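Just below is one structure, and these are the notes that go with it.
As the structure is a prediction and not an experimental result, all values here were calculated from the model. So you know, we letter chains A, B, ... as the sequences are listed, proteins then strands, and number each from 1.
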Number of protein chains: 2
Amino acid sequence: MVTRLGDEAAAGRELAHPARSEIRLEQVLHALADPMRLAVVRALAAASEQLACSAIELPVSKSTSTHHFRVLRESGVIRQDYRGTAKMTCLRREDLDARFPGLLDSVLAAAAGQENAGR
Amino acid sequence: MVTRLGDEAAAGRELAHPARSEIRLEQVLHALADPMRLAVVRALAAASEQLACSAIELPVSKSTSTHHFRVLRESGVIRQDYRGTAKMTCLRREDLDARFPGLLDSVLAAAAGQENAGR
DNA sequence: GCCGTAGTACGTTGTCTGTCAAACTACGAT
DNA sequence: ATCGTAGTTTGACAGACAACGTACTACGGC
């Protein structure tokens, strides 16, 4: 059957992101509460660059990865856009810092501290 | 049938709390991600005193309240102990600040900001 | 001793979440 | 045009979660 394209593609498949003022604290906390997603956020924070999805090794299947990236995007934690065949991902640092000052940094520090200090 | 008591009561029913070093970031974030529990934490932070469970009005049944308080306690966010017929509850500020510096404050500030600023 | 109040435990129900496999779409290179 | 690579979509499934009602336990006062 036909390509079923044309919905909103045309210029290259835009992805929906919440506006800065639409970001909800509960959703951000929920997004960060999953170990897999927290690992993604830590990797993005460490890189401070745009990364392809595939650049972040997750021990799960592709479809599960897609799911986690979607949760992060819809909660406003990351931004994604297509760049050719790859999908580039970056943290929405500015937006998060503006809306919830200090939150992201303290979570990242906490994650790092917890891992190093161990028990 | 018999009282079935005596397990660990005797001195007045102690409750299990995780040690400071046992507190896990993911569990804390998960505990705070629920609107009901976040409201409890905000109330406790505002009071900066011990409160009885019943002093925090939640629009849910008693058993659901018990559930939320247990999640908060088992994740290390609050401390509870019996005082006669009431169960007193307080935030574990020191422990949280020591383990995850700045986290609690930024979450509380974010919650307050989100509520005031609205959309 | 008996009752009321405060909270717990248990069993249930409906929803959400994390995971996967398999089939599919889109883009770039050959 | 064909192929491989990157990621999506769908459907399924098990486990977790929030909420409830009811029955229960514990403590303090009458």
Side-chain angles (χ1 to χ4, degrees), chain A residues 1-16 24 26-40 50-75 78-89, chain B residues 1-16 24 26-40 50-75 78-89:
Chain A
M1 66 292 291
V2 189
T3 35
R4 188 146 64 67
L5 180 72
D7 299 78
E8 82 257 275
R13 256 163 329 154
E14 295 295 307
L15 291 169
R24 301 281 309 159
E26 296 85 358
Q27 290 186 15
V28 171
L29 292 177
H30 173 240
L32 297 178
D34 183 276
M36 216 63 84
R37 291 192 289 260
L38 186 55
V40 170
Q50 285 201 340
L51 291 178
C53 285
S54 50
I56 305 168
E57 292 290 342
L58 293 182
V60 293
S61 69
K62 281 197 299 178
S63 40
T64 304
S65 285
T66 299
H67 162 67
H68 285 309
F69 279 107
R70 179 150 50 110
V71 172
L72 286 169
R73 174 167 48 81
E74 292 183 346
S75 67
I78 63 174
R79 181 175 298 283
Q80 297 184 292
D81 62 317
Y82 287 99
R83 192 69 52 92
T85 180
K87 182 153 78 171
M88 303 311 276
T89 302
Chain B
M1 63 294 290
V2 190
T3 35
R4 189 146 65 70
L5 178 74
D7 299 78
E8 82 257 276
R13 259 164 326 156
E14 296 295 307
L15 291 168
R24 301 280 309 159
E26 296 86 357
Q27 290 186 14
V28 171
L29 293 177
H30 173 241
L32 297 178
D34 184 276
M36 215 65 81
R37 292 191 288 259
L38 186 56
V40 170
Q50 285 201 340
L51 291 179
C53 285
S54 50
I56 305 169
E57 291 290 341
L58 293 182
V60 294
S61 69
K62 279 198 301 179
S63 41
T64 304
S65 286
T66 298
H67 162 68
H68 285 307
F69 279 106
R70 181 151 46 118
V71 172
L72 285 170
R73 174 167 49 81
E74 292 183 346
S75 67
I78 64 174
R79 181 176 297 282
Q80 296 183 294
D81 62 318
Y82 287 100
R83 192 68 54 90
T85 179
K87 182 153 77 172
M88 303 310 277
T89 302

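- Mapping A:R70 and A:A86 onto DNA chain D by nearest heavy atom places A:A86 at the nucleotide closer to the 5' end.
- Taking both residues in full, the closest heavy atoms of B:M36 and B:V60 are given as CE-CG1, 3.5 Å, listed atom of the first, atom of the second, then distance.
- Between the CG atom of B:L15 and the P atom of C:dA6 there is a distance of 18 Å, rounded to whole Å.
- The interatomic distance linking B:I78 (CD1) with C:dG7 (P) rounds to 12 Å, in whole Å.
- Of all non-hydrogen atoms in A:T89 and A:Q80, the two that sit nearest each other are OG1-NE2, 3.4 Å.
- Closest approach of B:L38 to A:E26, counting heavy atoms only: CD2-OE2, 4.2 Å.
- Residue B:Y82 has its side chain nearest to C:dG7 when only D:dC20, D:dC17, C:dG7 are considered.
- Mapped onto DNA chain C by nearest heavy atom, A:R83 and A:K62 fall at different nucleotides, with A:K62 at the one closer to the 5' end.
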Next on the checklist: Using the rule given for side chain to side chain contact (heavy atoms under 4.5 Å, CB included), can you reason through B:H30 versus B:R37, listing the C-alpha separation, both sets of side-chain angles and the distance that settles it, and then say yes or no?
Outcome noted: CA-CA 10 Å; B:H30 173 241; B:R37 292 191 288 259; 4.0 Å; yes

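- Taking atom CZ of A:F69 as the reference point, atom P of C:dG18 lies 14 Å away to the nearest angstrom.
- C:dA6 atom P lies 16 Å from atom CD of B:Q80, rounded to whole Å.
- Rounded to whole Å, the distance from CG on B:D81 to C1' on C:dA6 is 15 Å.
- Residue B:S61 has a polar side-chain atom (N or O) positioned under 4.0 Å from OP1 or OP2 of D:dC20.
- Note: CG (A:D34) to P (D:dA16) measures 14 Å, nearest angstrom.
- In terms of heavy-atom proximity, A:A31 sits nearest to A:L72 at CB-CD2, 4.1 Å.
- When the nearest nucleotides of DNA chain D are assigned to B:S63 and B:V71 by heavy-atom distance, the more 5′-ward of the two goes with B:V71.
- Closest to the B:T64 side chain, of the nucleotides D:dA6, D:dC20, C:dC20, is D:dC20.
- One interatomic measurement links the two molecules: CZ of A:R37 to P of C:dT17, which rounds to 8 Å at whole-angstrom precision.
- The shortest distance between the side-chain N/O atoms of A:H68 and the OP1/OP2 oxygens of C:dT17 is not below 4.0 Å.
- As rounded to whole Å, 14 Å separates atom C1' of C:dT13 from atom NE2 of B:H67.
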